[in-house]
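Here's the structure, in structure tokens; my notes come after.
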Amino acid sequence: MLKELTIVSGKGGTGKTTVTAAFASLVPEKIMTDCDVDAADLHLILQPEILREEKFIGGRMPQMDKSLCTDCGLCQQECRFAAIDYSEERGYHINPFACDNCGLCAFVCPEGAITMVDAVNGAWYISRTPYGKMVHAKLGIGEDNSGKLVTLVRQQAKKLAEEENLSLIINDGPPGIGCPVTAAITGASMVLVVTEPTIAGIHDLERVCELCRHFQLPVLVCINKYSINLVNTQKIRQYCQEREIPVVGEIPFEPQVNQALVARKSVVDFPCGQVSRVVRQLVEEVLARLGK
Amino acid sequence: MIITVASGKGGTGKTTIATNLALSLPAAQYIDCDVEEPNGNLFLRARIDRRLEVGKPLPEIDHQRCTFCGECARACEFNALAVLKKKVMVFPELCHGCGVCSYVCPEKAVGEGEKIIGVAEVGVVPREGEDNLGFVQGILNVGEPMSPPLIKRVKQFAEPEKIVIQDAPPGTSCPVIQTINGSDFCLLVTEPTPFGLNDLELAVGVVRQLGVPFGVIINRSDSGDQEVREYCRREQIPVLLEMPMNRDLAFAYSKGIPYVREVPAAREQFRRLLADIEKELRRC
């Protein structure tokens with residue numbers, strides 16, 4: 001049966017991608033994805049060679065035909081997102097950064113000067129990497145619909161896994177608890193939360209665990225850089241114990257991890273002292289819990 | 001003046017810079033716009049004076065008037081409505097509160113209620129011997145996917161006569177745009193690694209498109225490589241501050257103690273940062 005593991009963190013910069021890259025290196029038969037579509041980083045380590053590239057049409061956007069516009073200003077009156085600007089030289093026009101693409105202006109316009117057209121919000125890719133195939137994406141700068149793009153990446157990964165007869169997908173998730181995170185975890189077999197023993201790390205861990213509980217998803221926790229604050233590490237252990245969340249790995253702080261990153265290597269393919277060994281154990285533990 | 005502290009990549013030190021900068025300035029206000037994971041108050045420990053629920057508009061169907069014609073569902077760009085034979089279903093998570101459904105309904109059967117998506121909190125961080133630091137934060141409800149309406153609301157508490165420091169969420173999509181839009185200056189915090197550089201380039205793309213003047217702060221500047229500096233040189237982007245890695249300060253951070261509280265002399269560095277921002281703004 002197809003299993004899907006999503007790696008998230010709540011707080012950014014706790015080591016999601018570092019841990020994901022180790023899974024990529026150590027687990028043989030799987031599809032990798034990067035679901036952090038607005039700041040994707042996994043490709044920096046996996047160095048994918050793109051096999052297929054597709055446009056991502058996330059929705060529609062309004063387009064104004066100024067030759068039909070009479071500058072009546074109704075669109076500006078009705079828009080709830082303050083997305084219609086006015087200037088002497090341009091008249092009324094759409095500010096794409098404020099626009100929510102709801103299409104109200106197109107209904108409102110008495111001249112039919114505004115129509116809804118397909119919006120290209122980014123691109124998605126299927127690539128070959130030294131660690132197997134990968135599905136990833138790039139959201140256009142400042143574009144909407146990141147949740148939809150995440151969903152698309154996961155759908156494509158599932159299709160690819162079926163075609164290649166693979167039974168495991170590993171998703172590198174985005175930070176936060178909003179729309180792209182929800183899209184990255186819903187329906188996953190298991191969520192691995194990578195946290196750090198800082199009060200911000202703990203605060204965000206709690207919120208992302210709550211989100212997982214909201215969607216009734218099994219959660220595992222890994223404490224990265226655990227040695228920077230042992231008191232906080234103990235707090236995380238206790239929080240997890242109270243909620244019956246298994247802590248499946250505790251990775252020590254090690255400056256060499258940064259050097260591995262600079263060398264664009266996974267921590268299991270670069271001498272990182274203790275870290276390499278602990279991360280190997282972590283991967284084995286997670287696979288066992290996934291039934292792999 | 002509104003200064004937004006942003007970064008493509010998470011965990012580069014946005015909150016560290018934003019809180020320390022705010023604490024170093026005499027008449028300032030801190031606004032946490034990272035409503036998904038608001039962390040500023042873990043460091044600032046503000047006294048909250050006001051707390052209000054923030055909602056987004058949500059359609060309410062008058063089933064007596066509704067003829068189930070399906071116009072509303074066809075018009076909705078977000079698939080937030082489904083019209084069945086005898087019932088209209090509204091999906092609150094998908095709704096953007098744009099009002100298209102009530103506008104197009106020929107029977108005037110779509111009214112509007114409100115769905116609470118989070119809270120905004122307003123208060124002050126008491127300071128001895130000087131003005132209190134103004135404080136605002138938004139906290140998005142867990143399970144609520146849409147943060148922009150809450151970000152918009154917390155931004156309305158800005159007091160522009162002060163130096164307003166906005167702490168942005170990570171990334172480059174709608175919540176980040178919602179935060180940066182309308183700022184006078186943007187500080188992009190990065191780290192000297194391939195990840196830091198990749199995400200900095202994305203963030204630069206955002207602020208350039210929005211037309212907001214900006215500068216870069218390199219955190220953990222004594223680690224990693226030279227690529228970020230070379231990129232900034234090539235692109236003629238001012239590097240306004242470099243902060244070396246310091247284990248004692250990292251430890252203080254992990255406990256929630258701001259840098260300038262641990263080392264008060266460091267406030268000078270952040271005041272200089274503001275002076276440099278003002279210089280940049282005069283140049284543009």
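Just so we're on the same page: letters track the sequence lines, and every chain starts at 1.
- For A/Thr14, no part lies near chain B; criterion is any non-hydrogen pair under 4.5 Å.
- The contact between A/Ala40 and chain B is made entirely by backbone atoms, counting heavy-atom distances below 4.5 Å.
- Of the listed residues (B/Glu93, B/Lys152, B/His96), the greatest number of heavy-atom pairs within a distance under 4.5 Å of chain A belongs to B/His96.
- With a 4.5 Å cut-off on non-hydrogen atoms, A/Ile228 touches chain B through its backbone and its side chain both.
- Using a 4.5 Å cut-off between heavy atoms, A/Asn258 touches chain B through its side chain atoms alone.
- The side-chain heavy atoms of A/Lys11 and B/Asp34, taken from C-beta on, include no pair separated by under 4.5 Å.
- Counting only distance, with no hydrogens or angles, the side chain of A/Arg207 and the backbone of B/Pro38 share no donor-acceptor pair below 3.5 Å.
- In terms of non-hydrogen atom pairs under 4.5 Å with chain A, the most contact-rich of B/Gly256, B/Gly13, B/Cys98, B/Gly11 is B/Cys98.
- A salt bridge links B/Glu112 with A/Arg80: the closest approach of a Lys/Arg side-chain nitrogen to an acidic carboxylate oxygen falls below 4.0 angstrom.
- Looking at A/Val108, both its backbone and its side chain come within 4.5 Å of chain B, counting heavy atoms on both sides.
- Both the backbone and the side chain of B/Leu140 come within less than 4.5 Å of a heavy atom in chain A.
- Using a 4.5 Å cut-off between heavy atoms, B/Asp225 touches chain A through backbone and side chain atoms alike.
- By number of non-hydrogen pairs under 4.5 angstrom with chain A, the leading residue of B/Lys9, B/Gln209, B/Arg220, B/Lys255 is B/Gln209.
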Does the pair A/Asp204 and B/Asn39 meet the rule for a side-chain contact (heavy atoms from CB on, under 4.5 Å), with working shown? CA-CA 8 Å; A/Asp204 298 354; B/Asn39 286 338; 2.9 Å; yes
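- For A/Gln259, no part lies near chain B; criterion is any non-hydrogen pair under 4.5 Å.
- With a 4.5 angstrom heavy-atom cutoff, A/Lys138 touches chain B only via side-chain atoms.
- Taking every heavy atom of both residues into account, A/Asn101 and B/Phe78 meet most closely at O-CZ, 3.9 Å.
- With a 4.5 angstrom heavy-atom cutoff, A/Ile177 touches chain B via backbone and side-chain atoms both.
- At a 4.5 Å heavy-atom cutoff, the contact between A/Asn232 and chain B is made by side-chain atoms alone.
- Smallest separation of non-hydrogen atoms from B/Gly99 and A/Leu104: O-CD1, 4.1 Å.
- Of the listed residues B/Pro194, B/Gly205, B/Gly40, B/Ala203, the one with more heavy-atom pairs under 4.5 angstrom with chain A than any other is B/Pro194.
- Neither the backbone nor the side chain of A/Asn121 comes within contact range of chain B, judged by heavy atoms closer than 4.5 Å.
- A 6.0 Å sphere centred on NZ of B/Lys115 holds more than 12 heavy atoms belonging to other residues, nucleotides or ligands.
- The residue among A/Ile199, A/Thr198, A/Val231 with the most heavy atom pairs within less than 4.5 Å of chain B is A/Ile199.
- Of the two parts of B/Ser147, neither the backbone nor the side chain holds a non-hydrogen atom closer than 4.5 Å to a non-hydrogen atom of chain A.
- Interface residue A/Phe253: only side-chain heavy atoms are found under 4.5 Å from chain B.
- Side chain of B/Thr172 to main chain of A/Ile141: no donor-acceptor pair is present (N/O by atom type, distance under 3.5 Å, no hydrogens or angles).
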